[in-house]
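Read through the structure below, which is laid out as structure tokens, and then see the notes.
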Amino acid sequence: MPIVFESGAGNDGTVWKEVMALINQRITAPLIAYDRAGFGKSGIDTIQINITNEVKNLEDALHRLNFNDEYFFVAHSLGGNYAMKFISNDPDKVKGAVFIDVVSPSFMDEQRATYTKNLFIDSLEQIKKESLGFYHLVLNYENTSEVMRSVSASIQTPMTVIASGLTPFDGNDRTRFLTSLKKFADEKKNRIYILAEHAEHHVFYDEPKLVADEIVKLYNRVNKEK
């Protein structure tokens with residue numbers, strides 16, 4: 001069963017190197033980190049770019065690698081949207097997931113998604129010159145969030161949710177982000193919530209051993225149960 005890593009907004013697959021190395025010392029699972037369209041070494045179809053097609057592209061890539069039957073996901077931040085969409089497409093095939101400081105549905109409501117997109121509106125032309133991937137991520141942000149909200153309630157996958165104590169937000173927004181993420185974790189009995197109090201948003205940079213330990217722990221458990 002492969003472990004598939006979904007990076008956050010603006011990141012490519014290289015962010016997972018340290019955690020993957022730690023995991024590789026303990027289990028023999030295939031570890032798959034990839035660059036979403038427009039990031040790292042991946043090209044981008046600017047006509048048909050959206051979360052639904054991106055998840056379909058990931059499914060196709062995994063099938064080409066002869067991984068067809070079961071998966072385990074690790075997702076960070078906005079990567080949680082893509083992981084949830086993937087799970088909703090094939091719920092029985094995803095046996096477990098570790099979500100790290102993901103964007104939760106009650107935090108990223110319709111109003112917040114529009115607000116987040118508008119933060120970048122005045123810089124769009126410059127963003128387009130620097131990163132086509134991030135440019136289209138901004139343009140599609142409301143749709144990406146809407147898809148996440150529409151599928152999140154259906155997710156039944158065993159999950160560990162790791163939150164950072166030092167989220168990318170301040171003040172009331174930080175409180176709301178953490179409260180919403182805890183609410184998401186508490187919605188299902190097969191979810192475990194962990195707060196990494198002194199870690200920033202990329203928890204796996206500040207607490208790589210903690211993240212690797214939780215991935216290995218859940219991976220081994222769901223492997224025994226299947």
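Just so you know, these numbers use all the heavy atoms, side chains as well, and skip hydrogens, waters and symmetry mates.
- Put simply, the side chain of Glu207 does not reach to within 4.5 Å of the side chain of Ile162, judged on heavy atoms.
- The main-chain N or O of His201 is found under 3.5 Å from a side-chain atom of His76 such that the two form a donor-acceptor pair.
- Applying side chain to side chain contact (heavy atoms under 4.5 Å, CB included) to Phe72 and the options Asn223, Val94, Val4, Ile215 leaves one that passes, Ile215.
- Considering only heavy atoms from C-beta on, Arg112 comes within 4.5 Å of Asp173 through its side chain.
- Atoms CG and CG, on Asn11 and Leu78 in that order, are 10.0 Å from each other to the nearest 0.5 Å.
- Among residue pairs with one or both ends in residues 6-27, those qualifying as ring pair (Phe, Tyr, Trp, His ring centres under 6.0 Å) are Phe5-Trp16, Trp16-Phe204; sequence neighbours excluded.
- Remark: the backbone N or O of Met159 is not paired with any side-chain donor or acceptor of Arg191 at under 3.5 angstrom.
- The structure places CD of Glu18 at 13.0 Å from NE2 of His202, a figure rounded to the nearest 0.5 Å.
- Counting heavy-atom neighbours within 6.0 Å of Glu187 CD, excluding the residue itself, gives a total above 12.
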Glu125 and Lys128: CA distance, side-chain angles, deciding distance, salt bridge (charged side-chain N to carboxylate O under 4.0 Å, His left out) verdict: CA-CA 5 Å; Glu125 287 308 310; Lys128 186 176 184 180; 5.2 Å; no
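- Here the side chain of Lys188 pairs a donor or acceptor atom with the backbone of Ile155 at under 3.5 angstrom.
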Return a table of donor-acceptor pairs under 3.5 angstrom between the side chains of residues 131-141 and protein atoms on other chains or two or more places apart.
residue: Ser131; atom: OG; partner: Phe134; partner atom: N; Å: 3.0
residue: Asn140; atom: ND2; partner: Ile49; partner atom: O; Å: 2.9
residue: Asn140; atom: ND2; partner: His136; partner atom: O; Å: 3.2

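- Residue Val161 is not grouped with residue Leu166 when hydrophobic side chains (ILVMFWY) are merged at heavy-atom distances under 4.5 angstrom, including chains of intermediate members.
- Of all heavy-atom pairs between Ile27 and Tyr219, the closest is CD1-CD2, 3.7 Å.
- Gly8 and Ser77 get closest at one heavy-atom pair: CA-CB, 4.0 Å.
- Atom CE of Met20 sits about 4.5 Å away from atom CG of Leu31, to the nearest 0.5 Å.
- Both Ile87 and Val151 belong to a common hydrophobic cluster when Ile, Leu, Val, Met, Phe, Trp and Tyr are linked at side-chain heavy-atom distances under 4.5 angstrom.
- Within the 3.5 Å criterion, the main-chain N or O of Arg174 finds no donor-acceptor partner in the side chain of Thr167.
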Would you please test Arg64 and Asp60 for salt bridge (charged side-chain N to carboxylate O under 4.0 Å, His left out) and show each step? CA-CA 6 Å; Arg64 290 187 187 186; Asp60 291 343; over 6 Å; no
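- Rounding to the nearest 0.5 angstrom, the gap separating the CG atom in Leu181 from the CZ atom in Arg176 is 13.0 Å.
- The aromatic rings of Phe107 and Phe177 sit perpendicular, their planes meeting at an angle over 60°, well past the 30° parallel limit.
- Both tests hold for Arg36 against Tyr82: distance to the six-membered ring centre under 6.0 Å, angle to the ring axis within 45°.
- Here the side chain of Thr144 pairs no donor or acceptor atom with the backbone of Ile51 at under 3.5 angstrom.
- When side chains are defined from C-beta on, Ser106 does not count as touching Phe184, because their heavy atoms never get closer than 4.5 Å.
- Interatomic distance, OG1 of Thr52 versus CG of Asn89, reported as 7.5 Å (0.5 Å rounding).
- Applying the ring pair (Phe, Tyr, Trp, His ring centres under 6.0 Å) definition to pairs two or more places apart or across chains, none involves residues 21-44.
- A donor-acceptor pair under 3.5 Å is formed between the side chain of Lys95 and the backbone N or O of Asp92.
- Screening Ile3, Leu62, Leu58 against Ile32 for a side chain to side chain contact (heavy atoms under 4.5 Å, CB included) leaves a single residue, Leu62.
- Note on Val103: it clusters hydrophobically with Phe169, by side-chain heavy-atom contacts below 4.5 Å among ILVMFWY residues.
- Counting non-hydrogen atoms of neighbouring residues, nucleotides and ligands closer than 6.0 angstrom, the NZ atom of Lys56 reaches no more than 12 such neighbours.
- By the 4.5 Å heavy-atom criterion applied to side chains, Glu200 and Tyr205 are not counted as neighbours.
- Taking both residues in full, the closest heavy atoms of Val102 and Phe99 are given as CG1-CB, 3.5 Å, listed atom of the first, atom of the second, then distance.
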List the steps, then state whether side-chain contact (heavy atoms from CB on, under 4.5 Å) holds for Met1 with Val222. CA-CA 10 Å; Met1 179 169 63; Val222 298; 3.9 Å; yes
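- Listed by first and then second residue, the side chain to side chain donor-acceptor pair (under 3.5 Å) pairs that reach into residues 149-166 are Asp101-Ser164, sequence neighbours excluded.
- Scanning all heavy atoms of the two residues, the minimum distance from Val203 to Ala196 falls at CG1-CB, 3.9 Å.
- Residues Ala163 and Leu178 come closest through the heavy atom pair CB-CD2, 3.9 Å.
- Residues Asn68 and Tyr71 approach most closely at CA-OH, 3.5 Å, considering heavy atoms.
- The structure places CG of Asn57 at 8.5 Å from CG of Asp45, a figure rounded to the nearest 0.5 Å.
- Under the 4.5 Å side-chain criterion, counting only non-hydrogen atoms from C-beta, Met108 is not in contact with Asn81.
- By the 4.5 Å heavy-atom criterion applied to side chains, Ser145 and Glu142 are not counted as neighbours.
- Residues in residues 22-33 take part in these side chain to side chain donor-acceptor pair (under 3.5 Å) pairs, two or more places apart or across chains: Arg26-Asp213.
- Of the charged side-chain nitrogens involved, at least one lies within less than 4.0 Å of a carboxylate oxygen, so that Lys217 and Glu214 count as a salt-bridged pair.
- Partners of Lys183 by salt bridge (Lys or Arg N to Asp or Glu O under 4.0 Å), not counting sequence neighbours: none found.
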